[in-house]
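In what follows, a single structure is set out as structure tokens and then discussed.
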Amino acid sequence: MFITKSLFVEYINSPKLAWYHVNDKKTHKKIQEHVHGGMDWAAIGQSVEDMVRKLYAGKTIADIDTKNLGFKARHKTYHTLSSKALDQNADVIYQAGFATDKLFVKTDFLVKNELWTYDLMEVKSKNSIRSNNKDHTLVDELVTDVSFQKYVLEKTLGAKFSWNCYLVYLNKEFRKHGEINPQDIILQELVTDDLMTDDAIERILATVESDLSLSLADFNKKFPYDGSDYFTYFGEEPPKKSIRNITGIVQDKKKELYEAKKILIDDITDEDILGILSNKDGGESRSSKFMNLRRQGETTIDKEEIKKRLATLKFPLFFYDYETVSFPIPTFEWLGPRGQTVVQYSVHKIDEDLSTGTPTLIITHKDCIVNPGETSNKRIIDQLVTDLEHGNGTYIVRNKSFECGRNKESSLLYPEHAEALEKINANTFDLMTLFSDMLYFDRRFLWSSSIKKVLPVLTDISYDTLEVGNGGDAMKLLYEIQQGHLTGAELEQSVINLLTYCEQDTRAMVRIWEVIKEKIA
DNA sequence: TATGAACGCGCATTGAGCGA
DNA sequence: TCGCTCAATGCGCGTTCATA
């Protein structure tokens, strides 16, 4: 068994995931897809590694030719090829791989320093590598990642390794102005002092192989619960009524219930609700509230509180929604790494017409989308502020931290709109809170307050028939359009699909508002 | 009067849930 | 992946109170 870097990191994070990695590749893949949400973030936009390569322009970069590695002896062959590049004293070696009898590591960049030894450069597509706490400790996962690499390089490179380990990541202060200079957007930080000792690594390595060679039954005996009970179901979708689906339940409480052999929501007793699931002081927590409501029946509506909240909404109402793009290397002017850019919006305006004596509602729709080749969203924000009528209304969104966050950024970029955007934020109502505060509770929402879960229960609107049916697809397509990759009929159809998708999002919010009004009437 | 258990307060940290 | 918000909990520290 070769212990690779990713296996080592997995083993420390979640031994069970590592077990599947070695013994059941299919399940391992399934679990990973589940954990990462199935969205392929790495595949779009210019990669950070390309930008790092530009950083080394002027130096000789050796690429390891891995085309004909074969399968059986691939680690050894990789090692031989990489050692050759080292012997030729290349300035920079990209994606070298080194193996001992048991360990294998693939490095991002090895860079020759003035002493003619090699520094390790691990590239991360991240804005920060340290926790936001007092000591600014290096993120755990990065510690294990780089520590393992250092350990293997010590064993394999000998005197050619400088023992200097750098993390190479994105400068979150960077803002794009025209062509990006790699020096400005890439940061390199020496992290050798933050790493694990060789002793610590060896202690872990001593157990990895034997643990991962256990039968599943024996493995589960040794690791009965390891943090995420998703694995408890052996890679299968857990039963719908698993305790993992109790809203707001924290890991410790899940573990406590699991150890008391309470796997399903129906196993939970009154004592559990008053004990484990309640706050430390015995008061109602989110999870005990969820359980209490669930016991009352399929649907529970706090009509009075909802009425009170909806009464604060003053016409005209603007239901609006953004689509954004965000990439490690920004594609829009004035944006930073992973900055979110509003590239599309949809607004449904509802006004009350009192002229005929009986109040009637007038609904109008407006939208806007990025043009091919556009490198700033000024046009879109200008139009937005006009369509939202400069803040003179009530604004309804789902999950207001997202839209309001974007508005704050826009007001910094375009000070001329700051006043309007601040007014919009101040007059924003978050439709999601009716569900996240469990004022409108329905078992069929499947423990979520996301509008996408609420929608099929309350309305007959469906995303199944749409060409673009989720935010991830939308982001990819919007990137293609902005980059000018699409032309002619393909471009035309993509724009139509995106506009349809975004319009449906705001129309869905309007429908939910209407349905709730009927229910509480 | 010295001591330590118990309490309460504010700040810091962590984690769930959400969006793209 | 990132960043935001909110809830829950942890931590430090000073105050209070019972007791020897």
Side-chain angles (χ1 to χ4, degrees), chain A residues 35-45 47-48 124-137 139-142 169-170 172 227-228 244-255 276-290 320-330 335-346 370 377 397-409 425 428 430-438 445-454 468-479 498 501-502 505-506 509:
Chain A
V35 172
H36 295 118
M39 230 190 200
D40 188 5
W41 296 98
I44 37 180
S47 85
V48 178
K124 292 291 171 199
S125 171
K126 289 162 94 59
N127 275 351
S128 69
I129 57 173
R130 296 188 176 273
S131 306
N132 196 18
N133 56 21
K134 250 196 351 235
D135 299 333
H136 298 285
T137 46
V139 171
D140 286 351
E141 203 183 298
L142 299 179
Y169 61 106
L170 296 163
K172 65 169 179 263
S228 166
R244 75 196 293 280
N245 291 322
I246 295 171
T247 300
I249 192 169
V250 294
Q251 291 287 351
D252 284 358
K253 301 197 166 181
K254 259 193 278 188
K255 188 176 179 203
I276 297 176
L277 288 180
S278 292
N279 288 340
K280 255 180 79 182
D281 58 15
E284 192 176 54
S285 67
R286 274 178 68 70
S287 45
S288 65
K289 183 173 184 183
F290 172 86
Y320 80 101
D321 183 51
Y322 289 152
E323 301 301 322
T324 65
V325 290
S326 159
F327 304 106
I329 307 293
L335 256 281
R338 297 191 177 278
Q340 301 258 9
T341 319
V342 176
V343 287
Q344 184 185 354
Y345 66 80
S346 163
V370 69
N377 70 347
V397 297
R398 45 172 181 173
N399 192 12
K400 76 183 204 181
S401 72
F402 188 72
E403 267 73 20
C404 292
R406 301 295 79 72
N407 289 343
K408 267 187 212 154
E409 289 159 6
N425 280 0
T428 292
D430 190 342
L431 199 58
M432 195 176 77
T433 55
L434 301 181
F435 306 103
S436 58
D437 292 346
M438 293 184 254
F445 294 160
L446 303 178
W447 41 86
S448 167
S449 54
S450 155
I451 300 292
K452 291 244 158 70
K453 288 283 195 316
V454 168
V468 174
N470 63 65
D473 290 351
M475 192 187 279
K476 269 183 203 166
L477 213 47
L478 283 159
Y479 173 74
L498 282 164
Y501 167 71
C502 199
D505 269 348
T506 49
M509 284 196 281

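Every chain is numbered from 1, with letters handed out A, B, ... down the list of sequences. When reading the values below, keep in mind they use all heavy atoms of this one structure, side chains included, and skip hydrogens, waters and symmetry mates.
- We find that CZ of Phe445(A) is positioned 16 Å from C1' of dG17(B), with the value rounded to whole Å.
- Between the CG atom of Asp505(A) and the P atom of dC18(B) there is a distance of 16 Å, rounded to whole Å.
- In this entry the distance linking OH of Tyr169(A) with C1' of dC2(C) reads 16 Å, nearest Å.
- Glu403(A) comes within 4.0 angstrom of no nucleic acid atom, judged by non-hydrogen atoms across all strands.
- Using modelled atom types and a 3.5 Å distance limit, the side chains of Asn407(A) and Tyr322(A) yield a donor-acceptor pair.
- Using a 4.0 Å heavy-atom cutoff across all strands shown, Arg406(A) reaches no nucleic acid atom at all.
- Among the heavy atoms of the strands lying under 4.0 Å from Asn399(A) is at least one base atom, whether or not backbone atoms are also near.
- dA8(C) atom P lies 8 Å from atom CZ of Arg286(A), rounded to whole Å.
- As a whole-Å value, the separation of Phe402(A) CZ from dG3(C) C1' is 10 Å.
- Ser128(A) comes within 4.0 angstrom of no nucleic acid atom, judged by non-hydrogen atoms across all strands.
- Heavy atoms of Ile451(A) sit under 4.0 angstrom from primed sugar atoms or phosphate atoms, though from no base atom.
- Checking dC2(C), dA20(B), dG17(B) against the side-chain heavy atoms of Glu323(A) singles out dA20(B) as nearest.
- Under the 3.5 Å distance criterion, with hydrogens and angles disregarded, no donor-acceptor pair is assigned to the side chains of Arg398(A) and Ser450(A).
- If you check every strand for non-hydrogen atoms under 4.0 Å, Lys126(A) touches sugar and phosphate atoms only.
- Rounded to whole Å, the distance from CG on Asp430(A) to P on dC4(C) is 16 Å.
- Put simply, NZ on Lys289(A) is 20 Å from P on dA16(B), counting in whole angstrom units.
- For the pair Arg406(A) and Phe402(A), the cation sits on the ring face: its NZ or CZ lies under 6.0 Å from the ring centre, inside 45° of the axis.
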